[in-house]
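Accompanying notes for the structure given below.
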Amino acid sequence: MGLTFLIGCGEEHKPEENEIEWNKEISSEYSNAIAEDEEVDIQVFLEMRPEWKMKRTGSGLRYWVYESGDGEMPKSGEVADVEIQISLLNGTRCYGTEEDE
């Protein structure tokens, strides 16, 4: 029968040189890098679909009005009924107004 002893010293863990100490600046840089990668992916996706007439807002949101109504344009202060459908790029519906409301 054998007997084994394991002994360890209680030292405070210090980050190794290759470990990153996470901070606000690194988090921001990482987030920006992800956003840049996503931008490239979206651009490639849209280039494969030239029939999609996408517009882009100042915040980066892309949208496409593929059907507009034939009524009069509302004037400032008037109320307009708008029907929308929001879908993922693969066509999965996320949100929309009901046509029969």
Side-chain angles (χ1 to χ4, degrees):
M1 178 191 268
L3 186 58
T4 305
F5 286 100
L6 299 174
I7 301 174
C9 298
E11 289 186 27
E12 185 177 323
H13 174 72
K14 295 179 184 173
E16 295 180 19
E17 287 184 31
N18 60 352
E19 287 186 43
I20 297 173
E21 290 197 39
W22 207 255
N23 60 38
K24 187 176 180 178
E25 182 179 339
I26 291 174
S27 179
S28 180
E29 289 173 5
Y30 183 69
S31 179
N32 287 338
I34 290 172
E36 289 173 8
D37 289 346
E38 287 177 344
E39 179 64 30
V40 170
D41 292 344
I42 291 168
Q43 228 17 70
V44 168
F45 181 87
L46 292 175
E47 285 173 4
M48 294 186 306
R49 292 158 179 82
E51 69 279 6
W52 290 14
K53 307 300 180 203
M54 303 297 283
K55 294 182 181 179
R56 186 175 176 167
T57 67
S59 68
L61 174 72
R62 288 180 176 81
Y63 68 98
W64 172 23
V65 178
Y66 60 92
E67 181 181 317
S68 57
D70 55 3
E72 291 182 35
M73 292 295 293
K75 294 175 182 57
S76 180
E78 293 183 330
V79 176
D81 289 326
V82 178
E83 293 180 0
I84 62 169
Q85 179 174 325
I86 299 173
S87 304
L88 299 177
L89 293 175
N90 68 7
T92 302
R93 183 178 171 172
C94 298
Y95 175 80
T97 53
E98 296 298 324
E99 292 180 18
D100 58 353
E101 287 186 4

Query raised in the report: Do any pairs count as a ring pair (Phe, Tyr, Trp, His ring centres under 6.0 Å) and have a residue in residues 19-41, sequence neighbours left out, and if so which ones?
Result: Trp22-Tyr30
Report task. Sorted by first residue and then second, give each ring pair (Phe, Tyr, Trp, His ring centres under 6.0 Å) pair with at least one member in residues 72-94; sequence neighbours left out. Result -> none
Under the side-chain contact (heavy atoms from CB on, under 4.5 Å) test, residues paired with [X] that sit two or more places apart:
X	value
Glu78	Pro74, Lys75
Ile84	Val82, Ile86, Tyr95, Thr97
Asn32	Ser28
Asn23	Glu25, Ile26

Let me have the donor-acceptor pairs involving side chains of residues 47-56, under 3.5 Å, with sequence neighbours excluded, atom names and distances please.
from, atom 1, to, atom 2, distance (Å)
Arg49, NH1, Phe45, O, 3.1
Lys53, NZ, Pro50, O, 3.2
Arg56, NH1, Glu39, OE2, 3.1

Query raised in the report: Roughly how far apart are Thr57 OG1 and Arg62 CZ, rounded to 0.5 Å?
Result: 9.0 Å
Query raised in the report: Just how far is it from atom CD1 of Ile42 to atom CG of Asp37, taken to the nearest 0.5 Å?
Result: 11.0 Å
Query raised in the report: What pairs with Ser27 under side chain to side chain donor-acceptor pair (under 3.5 Å), at least two apart in sequence or on another chain?
Result: none
Query raised in the report: side chain to side chain donor-acceptor pair (under 3.5 Å) with Ser31: which residues, sequence neighbours excluded?
Result: none
Query raised in the report: Can you list the steps and then say if Thr92 with Ser87 is a side chain to side chain contact (heavy atoms under 4.5 Å, CB included)?
Result: CA-CA 5 Å; Thr92 302; Ser87 304; over 6 Å; no
Query - Gln43 atom CD: more than 12 heavy-atom contacts under 6.0 Å - result: yes
**Report entry** Whether over 12 other heavy atoms sit under 6.0 Å from Asp81 CG
**Finding:** no
